[in-house]
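As structure tokens, the structure follows; a few thoughts come after it.
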Amino acid sequence: MNVHQRYATGDSLAARHGLWSEEQIDAAARVRRIAEEQGLETIRFSFPDQHGILRGKTLVASEALNCLDSGATITTTMLAKDTSHKTVFPVFQAGGGFGMSEMQGGADVVMLPDPTTFRVLPWAPTTGWVLCDLYFADGRPVQFATRGIYRSVLQKLADRGYDYKAGLEVEFHVFKVEDSKMRPEHAGQPGEPPSVSLLSHGYQYLTEQRYDQMEPVLELIRRDILALGLPLRSIEVEFGPSQCEFTFQPTVGLLPADLMVLFRAAVKQICRRHGYHATFMCRPRIPNVVSSGWHLHQSLVARDGGRNAFMSDSDVLSDFGRHYLAGLMTHARAATVFTTPTINGYKRYRSYSLAPDRAIWGRDNRGVMLRVIGGPGDKATRIENRVGEPAANPYLYMASQILSGLDGVDRKLDPGPSADTPYETKADLLPKSLREAIFALRDDPFFRTALGDEFVDYYTFIKNAEIERFQAEVTEWEQREYFEMF
């Protein structure tokens with residue numbers, strides 16, 4: 001029985017609940033054909049968790065194909081973990097800490113593949129990979145699954161007649177592993193990070209010499225990223241030691257978020273196999289390091305005709321674009337929980353550092369949070385948000401942008417004039433810590449309405465658990481500052 005016949009008979013989770021589109025049904029048939037033609041031995045079922053990290057199971061190819069449209073089960077505790085992979089919800093109490101019997105006791109949910117995302121991994125050529133969505137056994141989407149949240153936001157946008165278009169500029173560091181720290185005493189939660197050395201000294205921004213120093217590992221990454229079918233545009237050496245940036249052609253809808261999740265996972269896996277360590281941590285604890293950012297270029301495109309809704313015939317932005325821009329500014333502080341979700345990421349917001357420190361916009365100015373690029377009649381007119389860190393969950397980052405921007409459109413908000421002196425302009429300062437960002441989210445009721453109390457409470461619970469663990473640690477700074485003095 002082929003996938004179309006099986007789907008038509010209702011003999012699968014996807015069919016019983018109408019969870020696949022015609023495009024996905026056709027893609028599933030292609031998956032089966034590719035698996036057979038290329039002799040795949042395993043297929044990885046992966047889903048992006050609350051942190052934007054891929055989790056899942058590896059199935060032998062025959063079993064993966066058998067359950068392609070019915071999915072594979074996975075424990076709900078995956079949704080209860082903080083960044084140390086510790087379960088921070090009381091999953092064995094009534095309701096599992098979520099107030100839901102379905103989440104109690106480490107019960108299962110179903111990873112249902114989205115066959116349109118299927119790829120064969122170039123660095124593991126007998127291995128297929130497919131991105132999954134989470135559903136309960138009765139076909140209901142799991143409300144804490146961030147890809148599903150983003151999809152629902154995209155649907156609301158589509159109902160207004162627009163698609164979300166985004167291009168990614170992602171900075172990260174690549175080091176040579178000197179000691180992988182794999183002795184038993186290095187295990188833990190989290191375990192000891194590897195000892196590393198630099199690939200370049202940095203500080204020669206965009207020089208060919210520094211690029212050539214890093215070219216061997218950058219070429220490994222480039223080759224496999226293109227083989228994955230990702231729309232890579234450029235490879236650049238950044239300002240800091242062992243720092244680089246990859247940029248991608250703009251894509252639409254779910255694709256840019258899926259692209260970011262796969263790119264991060266691919267880079268880390270490719271590098272590790274060749275003795276390198278890649279990190280998307282914003283500011284690694286390395287001497288002379290420079291923070292990494294994730295610049296998100298965005299616009300809205302009319303579904304009917306494809307016109308860029310931000311383009312003006314006479315100004316830098318249309319009225320629609322200006323209102324959207326104002327919405328991003330209005331909710332910038334509350335949105336930092338989603339754009340900068342780690343404790344470490346707030347160490348990037350420094351004045352005069354090519355990183356923003358306040359909620360302002362400017363025309364082609366790299367010191368502002370929101371850099372407007374384009375002009376009259378420019379079909380590439382867009383807003384570049386420079387606030388994000390490369391560790392952000394892309395589904396939440398992009399959802400927060402759409403929701404904030406549309407609120408500005410609905411309320412016809414005015415962004416005010418361009419800020420030409422970004423670090424001197426009076427404006428709301430961005431939060432200085434993750435704790436302050438959570439307070440900003442609490443004080444702005446917008447996201448509670450837009451995303452729902454249930455999800456906001458869930459997400460901030462996890463973030464507060466991380467903060468409490470951090471606060472309980474005695475840092476080297478404290479030891480140096482107080483141990484001898486007092």
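A quick note: this is a predicted structure, and the numbers were derived from the prediction, not measured. Position 1 is the first residue of the sequence; numbering continues from there.
Annotation: the span from Leu134 atom CG to Thr76 atom OG1 amounts to 10.0 Å, rounded to 0.5 Å. Rounding to the nearest 0.5 Å gives a distance of 11.5 Å between CG of Leu199 and CZ of Arg210. Atom-to-atom distance recorded for Arg371:CZ and Asp364:CG is 4.5 Å, nearest 0.5 angstrom. Taking CG of Leu451 as the start and CG of Leu396 as the end, the distance is 7.5 Å to the nearest 0.5 Å. Atom-to-atom distance recorded for Gln401:CD and Asn385:CG is 4.5 Å, nearest 0.5 angstrom.
Among all heavy-atom pairs drawn from Val368 and Arg386, the shortest one is O-CD, 3.5 Å.
The closest donor-acceptor contact from the side chain of Glu384 to the backbone of Val372 lies at 3.5 Å or more, if one exists at all. Under the 3.5 Å distance criterion, the side-chain polar atoms of Asp212 are left unmatched by any main-chain donor or acceptor of Glu208. Checked by atom type and distance alone, the side chain of Ser418 pairs as donor or acceptor with a backbone atom of Arg363 at under 3.5 Å. A donor-acceptor distance shorter than 3.5 angstrom exists from the side chain of Thr117 to the backbone of Leu131, with no hydrogens or angles considered. Checking side-chain atoms of Tyr150 against main-chain N and O of Gly253 turns up a donor-acceptor pair under 3.5 Å. Although no hydrogens or angles enter the test, the distance criterion places a donor-acceptor pair under 3.5 Å between the side chain of Tyr349 and the main chain of Val387. Side chain of Gln155 to backbone of Ser152: no donor-acceptor contact under 3.5 angstrom is found. Looking only at distances, a side-chain donor or acceptor of Ser21 sits under 3.5 Å from a matching main-chain atom of Gln24.
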Problem set entry | Check against side-chain contact (heavy atoms from CB on, under 4.5 Å), Phe461 and Phe89 | CA-CA 9 Å; Phe461 185 92; Phe89 285 86; 3.4 Å; yes
For this session: Kindly indicate, with the supporting measurements, whether the criterion salt bridge (Lys or Arg N to Asp or Glu O under 4.0 Å) is fulfilled by Asp410 and Arg160.
Result: CA-CA 11 Å; Asp410 290 343; Arg160 292 170 174 250; 2.7 Å; yes
For this session: For Val170 and Glu245, run side-chain contact (heavy atoms from CB on, under 4.5 Å): C-alpha distance rounded to whole Å, both residues' side-chain angles, the deciding distance at 0.1 Å, then the answer.
Result: CA-CA 5 Å; Val170 189; Glu245 179 182 66; 5.8 Å; no
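Of the N and O atoms on the side chains of Ser292 and Gln243, at least one donor lies less than 3.5 Å from an acceptor on the other residue.
You'll find the ring centres of Phe45 and Trp129 outside the 6.0 Å limit. Here Phe310 and Tyr324 bring their ring centres to under 6.0 angstrom of each other.
Side-chain atoms of Asn393 and Phe338, non-hydrogen and from C-beta on, never get closer than 4.5 Å to each other.
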Only distances under 3.5 Å count here; give the side-chain donor-acceptor pairs of residues 228-237 to other protein atoms, sequence neighbours excluded, each with its distance to 0.1 Å.
from, atom 1, to, atom 2, distance (Å)
Ser234, OG, Glu236, OE2, 3.0
Ser234, OG, Thr247, OG1, 2.6

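Evaluation of the ring pair (Phe, Tyr, Trp, His ring centres under 6.0 Å) test over residues 209-250, restricted to residues two or more places apart or in two chains, returns Phe172-Phe246, Tyr203-Phe239, Phe246-Phe263, Phe248-Phe263.
Annotation: ring pair (Phe, Tyr, Trp, His ring centres under 6.0 Å) contacts of Phe446 (sequence neighbours excluded): His331.
More than 12 heavy atoms of other residues, nucleotides or ligands sit less than 6.0 Å from atom CD of Gln204.
Relative to the ring axis of Phe136, Arg140 places its NZ or CZ within 45° and under 6.0 Å from the centre.
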